[in-house]
Amino acid sequence: MVILSCAGRPAADRLPRLMPDVRVRFAPSPTGFLHIGGARTALFNFLYARHTGGTFVLRIEDTDETRHVEEAVQVILDGLRWLGLDWDEGPEKGGAHGPYFQSQRKDIYRRYVQRLIESGAAYEFEDKEKGGTVVKFRMTREPITVPDLICGNVTRPLNDTEMADPDFVIVRRDGVPVFHLVNVVDDIEMKITHVIRGEDHLSNTPKHIALYRALGAEMPKFAHIPLILNSDGSKMSKSDKGAALHEYMNAGYVPEAVRNFLSLLGWSPKGDVEILSLAETVERFDLAQVQRHNARFDHDKLHWMQGQYMLKMAPDRFNAMARSFLAKTGLTAGQPDDYVLRVLGLVKEKVKLFTELPEWTTYFFRDDFTADREVIVKTFGSAPQSWELLEKLRSRYADLGEWTHPALDAALRALAQESGVKAAALIHPCRVAVSGKAGGPSLFHLLEVLGRDRVLNRLATARERLKLD
RNA sequence: GACCCUGUCGUCUAGUCAGGCCUAGGACUCCGGGUUUUCAUCCCGGCAACACGGGUUCGAAUCCCGUCGGGGUCGCCA
């Protein structure tokens, strides 16, 4: 098999086919953070494994021991778990094909290198210039064709610099085997059937194929997925904003939204659907619909998708996540649980990102809030009589029997009518006076939650607080 | 420099492999209108693309060639 085609297949063929022998892997290097592109590669591997009923292996590529930090591994595991991508074999899970850290597989690599040397496919080489002895692999001079499930048959001849010296190093001067070797060896040992990885590896794949041949091992199927670019089309490197998954974790994104957004970068479920649960994505996912060209990261669309998930989020989960974010800001320290919960109930439909929470809720927890000059001018600038109305409203509210939103509503409207103004002429000044904001939750619900003491107090001090000078 | 991948609205994409069903569909953004006591949401409407140039064909976004653009690889990094 060489190329999969997606259109025109019989309908029955579109149903998920169980291929329990499928084994895919995500093999990140512990660099201290999880790149968003890496996360997407992991996602595609995961989706393919779940779609086919196969196995998803996680392997840590820490050949360069100086870089192997326990903490750096944890970042990867946390990121994958956050996205909901649980692996079947790997760190903290074990499995029949371990160990899953390359730093613990040195004997295996040594054996394979020995085999290559004995068969004449590799040889020791003394580098006179750099000094030391390395092991080099005798690379084929002929062009090699990569059968790729996404790109088709890609034939790559050696380029000019490779032509000058086709053989490449597989064991460094310090005795540590390089990526190309360990990657292939591990995929053979772990019985990987499908190598799904970033397109940046496509040009190196002929080297890997040559290694498989020299080792007499069966080649896996390759699927090189397009890369994720910055929104301006430039390459997304580690230092770019939004390149690391933890930025989204910290910024208050819902994991499902990020996962959903990522799945649509370079893959399409067809049929004009965009909001898909993990289960729906698993059911529809296939390599045949993966795009061939790179995709730009569109922050606006992610933000929109985040809003969609936020809106649908169950209140309990929203409250739990919101409280943990709020706790970090110290805003809710010492506040009664019950009050915090009522505030959250009020702003749930407004908040799109958890990091926006302080903006929406600060005035519920602190009395020293201010208002933008622009808001004050717009509300009171052309209507100085609002101050007197607010005074009157305060005395009505002071005498209010029960402090409920219908009662607050009725009292305000009655006053407006008696004063010959529209309700809105009272509602807006009141909102600004008690919250300092031009927008927010329904005013009467807001007043109800704020409570009589706070409202009366703020109404009394509004003129002083919102003074323009 | 060489080699490889790639090119549909500003962005993500459907349509391309089996040429006509495409006066090119959806979504995000933006603009206009409506709902809402405000803001956000939501609803309705609108702007906007087949990179360019040749061919093949009755007919091309779809097939072929070239050009240009974008990305990748060529490490004793992974």
Side-chain angles (χ1 to χ4, degrees), chain A residues 3-8 27-31 61-64 67 102 125 127 130 132-136 143 146 148 150-152 154-164 168-180 182-183 198-207 224 226-227 229 231 233-235 261 264-275 288 291-305 307-308 310-311 347 349-352 356 360 379 409 412-413 416 422-428 430-432 435 437-444 446:
Chain A
I3 305 171
L4 286 182
S5 72
C6 54
S29 163
T31 56
E61 304 226 334
D62 55 346
T63 50
D64 195 342
R67 289 212 257 167
Q102 290 187 331
F125 177 78
D127 193 321
K130 296 177 183 170
T133 302
V134 298
V135 178
K136 291 182 93 172
V146 181
D148 192 279
I150 292 166
C151 303
V154 179
T155 302
R156 207 188 79 103
L158 297 176
N159 66 37
D160 56 358
T161 58
E162 288 167 332
M163 203 68 91
F168 58 92
V169 172
I170 54 173
V171 179
R172 307 194 307 214
R173 178 176 18 169
D174 60 7
V176 178
V178 306
F179 163 76
H180 301 302
V182 299
N183 196 262
E199 195 217 80
D200 48 341
H201 289 291
L202 183 57
S203 293
N204 280 326
T205 305
K207 286 179 181 161
H224 288 94
L227 269 22
L229 270 25
S231 46
S234 64
K235 180 191 177 181
F261 175 74
L264 261 26
L265 239 37
W267 172 76
S268 167
K270 319 278 184 188
D272 294 343
V273 283
E274 304 208 283
I275 303 293
Q291 220 64 237
R292 280 153 262 274
H293 60 267
N294 296 341
R296 300 182 186 202
F297 197 98
D298 184 355
H299 288 89
D300 282 338
K301 188 143 187 179
L302 203 214
H303 196 249
W304 167 79
M305 196 163 274
Q308 297 294 304
M310 209 63 159
L311 230 45
V347 300
E349 58 173 12
K350 307 288 179 186
V351 180
K352 281 188 104 175
E356 292 171 357
W360 289 104
T379 311
D409 191 330
L412 182 142
R413 286 180 198 283
K422 286 182 177 176
L426 213 38
I427 288 173
H428 299 307
C430 182
R431 174 187 298 284
V432 175
S435 75
K437 300 278 184 190
S442 151
L443 177 69
F444 304 110
L446 185 159

*Gap in Å between the two C1' atoms, one belonging to B:U13 and one to B:G32, rounded*: 26 Å
*Which part of the nucleic acid, if any, lies within contact of A:Asp127, taking any heavy atom under 4.0 Å across all strands shown: a base, the sugar-phosphate backbone alone, or nothing?*
base
_Distance-only donor-acceptor test (3.5 Å): side chain A:Asp160, base B:G1_ = yes
_With hydrogens left out and only the distance checked, is there a donor-acceptor pair under 3.5 Å joining A:Asp148's side chain and the base of B:C5?_
no
*Would a 4.5 Å heavy-atom cut-off, applied to side chains only, mark A:Leu229 and A:Ser234 as touching?*
no
_What contact category does A:Leu302 fall into here, base, sugar-phosphate, or nothing, at under 4.0 angstrom with non-hydrogen atoms?_
nothing
*Touch check for A:Leu264, heavy atoms < 4.0 angstrom, all strands: base, sugar-phosphate only, or nothing?*
sugar-phosphate
*Rounded to whole angstrom units, what separation is found between the CD atom of A:Gln291 and the C1' atom of B:G15?*
12 Å
*Under 4.0 Å between a side-chain N/O of A:His299 and OP1 or OP2 of B:C28, yes or no?*
no
*asked:* Going by purine N1 to pyrimidine N3 plus the second Watson-Crick contact, or the G-U wobble pair, all under 3.5 Å, which nucleotide sits opposite B:G32?
replied: B:C44
*asked:* B:U41, OP1 or OP2 - any side-chain N/O from A:Gln308 closer than 4.0 Å?
replied: no
*asked:* Within the 4.0 Å heavy-atom criterion, would you say A:Val134 contacts the bases, only the backbone, or no part of the nucleic acid?
replied: base
*With sugar-phosphate meaning primed atoms plus P, OP1 and OP2, does A:Gly233 contact a base, only sugar-phosphate, or nothing at under 4.0 Å between heavy atoms?*
sugar-phosphate
_C1' gap between B:C65 and B:U56, integer Å_ = 11 Å
_Sugar-phosphate only, base, or nothing, as touched by A:Gly132 at under 4.0 Å among non-hydrogen atoms_ = nothing
_Whole-angstrom distance between B:C76 and B:G72, as gauged at atom C1'_ = 22 Å
*asked:* Students often get this wrong, so: under 4.0 angstrom with heavy atoms, is A:Ala423 touching a base, only sugar-phosphate, or nothing?
replied: nothing
*Rounded off to whole Å, could you give me the CZ-to-P distance for the A:Arg431 and B:A40 pair?*
12 Å
*Please report, rounded to the nearest Å, how far the C1' atom of B:U13 is from the CZ atom of A:Phe261.*
12 Å
*Nearest-Å distance, NE2 (A:His428) to P (B:U37)?*
10 Å
*Using a 4.0 Å heavy-atom cut-off across all strands, classify A:Arg296 as base, sugar-phosphate, or nothing.*
sugar-phosphate
*Phosphate oxygens OP1/OP2 of B:A78: is one of them under 4.0 Å from a side-chain N or O of A:Arg172?*
yes
*asked:* Quick check on RNA chain B: between A:Glu199 and A:Val171, whose nearest nucleotide comes earlier from the 5' end?
replied: A:Glu199
*Which is it for A:Val169 and A:Phe125 under the side-chain contact (heavy atoms from CB on, under 4.5 Å) test, yes or no, and what are the steps along the way?*
CA-CA 9 Å; A:Val169 172; A:Phe125 177 78; over 6 Å; no
_Is it the case that the base of B:U36 and the side chain of A:Ser442 share a donor-acceptor contact (distance under 3.5 Å, atom types as modelled)?_
no
*Under 4.5 Å between any side-chain heavy atoms of A:Val146 and A:Pro206, yes or no?*
yes
*asked:* Work out how far the P atom of B:A78 is from that of B:U11, and round it to whole angstrom.
replied: 36 Å
*Any donor-acceptor N/O pair under 3.5 Å between B:C39 base and A:Lys350 side chain*: yes
*Assign A:Ser268 to base, sugar-phosphate, or nothing according to its heavy-atom contacts below 4.0 angstrom with the strands shown.*
sugar-phosphate
_Any A:Arg156 side-chain N or O less than 4.0 Å from OP1/OP2 of B:A2_ = no
*What's the CG-C1' distance between A:Asn204 and B:G72, to the nearest Å?*
10 Å
_Looking at B:C77, I'd like to know if its phosphate oxygens (OP1 or OP2) sit under 4.0 Å from a side-chain N or O belonging to A:Gln102._
no
*With C1' as the reference atom in both, quote the distance from B:U41 to B:C77 in angstrom, rounded to an integer.*
48 Å
*Determine the contact category for A:Pro441: base if any of its heavy atoms lies under 4.0 Å from a base atom, sugar-phosphate if only primed atoms, P, OP1 or OP2 are that close, otherwise nothing.*
base
_Side-chain donor/acceptor of A:Lys301 to base of B:A27, under 3.5 Å_ = yes
*Whole Å only: how far is the CG atom of A:Asn294 from the C1' atom of B:G70?*
8 Å
*Select base, sugar-phosphate, or nothing to describe what A:His224 touches, counting heavy atoms under 4.0 Å on all strands.*
nothing
*Determine, using ring centers only, whether A:His299 and A:Phe261 are less than 6.0 Å apart.*
no
_Less than 4.5 Å apart, side chain to side chain, heavy atoms only: is that true for A:Pro269 and A:Leu264?_
yes
_Taking only the P atom of each, what is the distance from B:G45 to B:C28 in whole angstrom?_
13 Å
*Using a 4.0 Å heavy-atom cut-off across all strands, classify A:Glu274 as base, sugar-phosphate, or nothing.*
base
*Are A:Arg292 and A:Glu199 close enough, and set up right, to give a salt bridge (charged side-chain N to carboxylate O under 4.0 Å, His left out), and what steps lead you there?*
CA-CA 9 Å; A:Arg292 280 153 262 274; A:Glu199 195 217 80; over 6 Å; no
_Using a 4.0 Å heavy-atom cut-off, does A:His303 contact any base of the nucleic acid, only the sugar-phosphate backbone, or nothing at all?_
nothing
*Tell me whether the OP1 or OP2 atom of B:G26 has a side-chain N or O from A:Lys270 closer than 4.0 Å.*
no
_A:His224/A:Ile150 under side-chain contact (heavy atoms from CB on, under 4.5 Å): CA gap, chis, key distance, verdict_ = CA-CA 6 Å; A:His224 288 94; A:Ile150 292 166; 5.9 Å; no
*Which residue lies toward the 5' end of RNA chain B, A:Trp304 or A:His180, if each is placed at its nearest nucleotide?*
A:Trp304
*Give none if B:C3 has no partner; otherwise give the nucleotide forming a Watson-Crick or G-U wobble pair with it, both distances under 3.5 Å.*
B:G72
*Remember a base hit wins even if backbone is also touched, and classify A:Lys130 as base, sugar-phosphate or nothing at under 4.0 Å, heavy atoms.*
base
*When you measure from the centre of the six-membered ring of A:Phe168, is the NZ or CZ of A:Lys136 under 6.0 Å away and within 45° of the axis?*
no
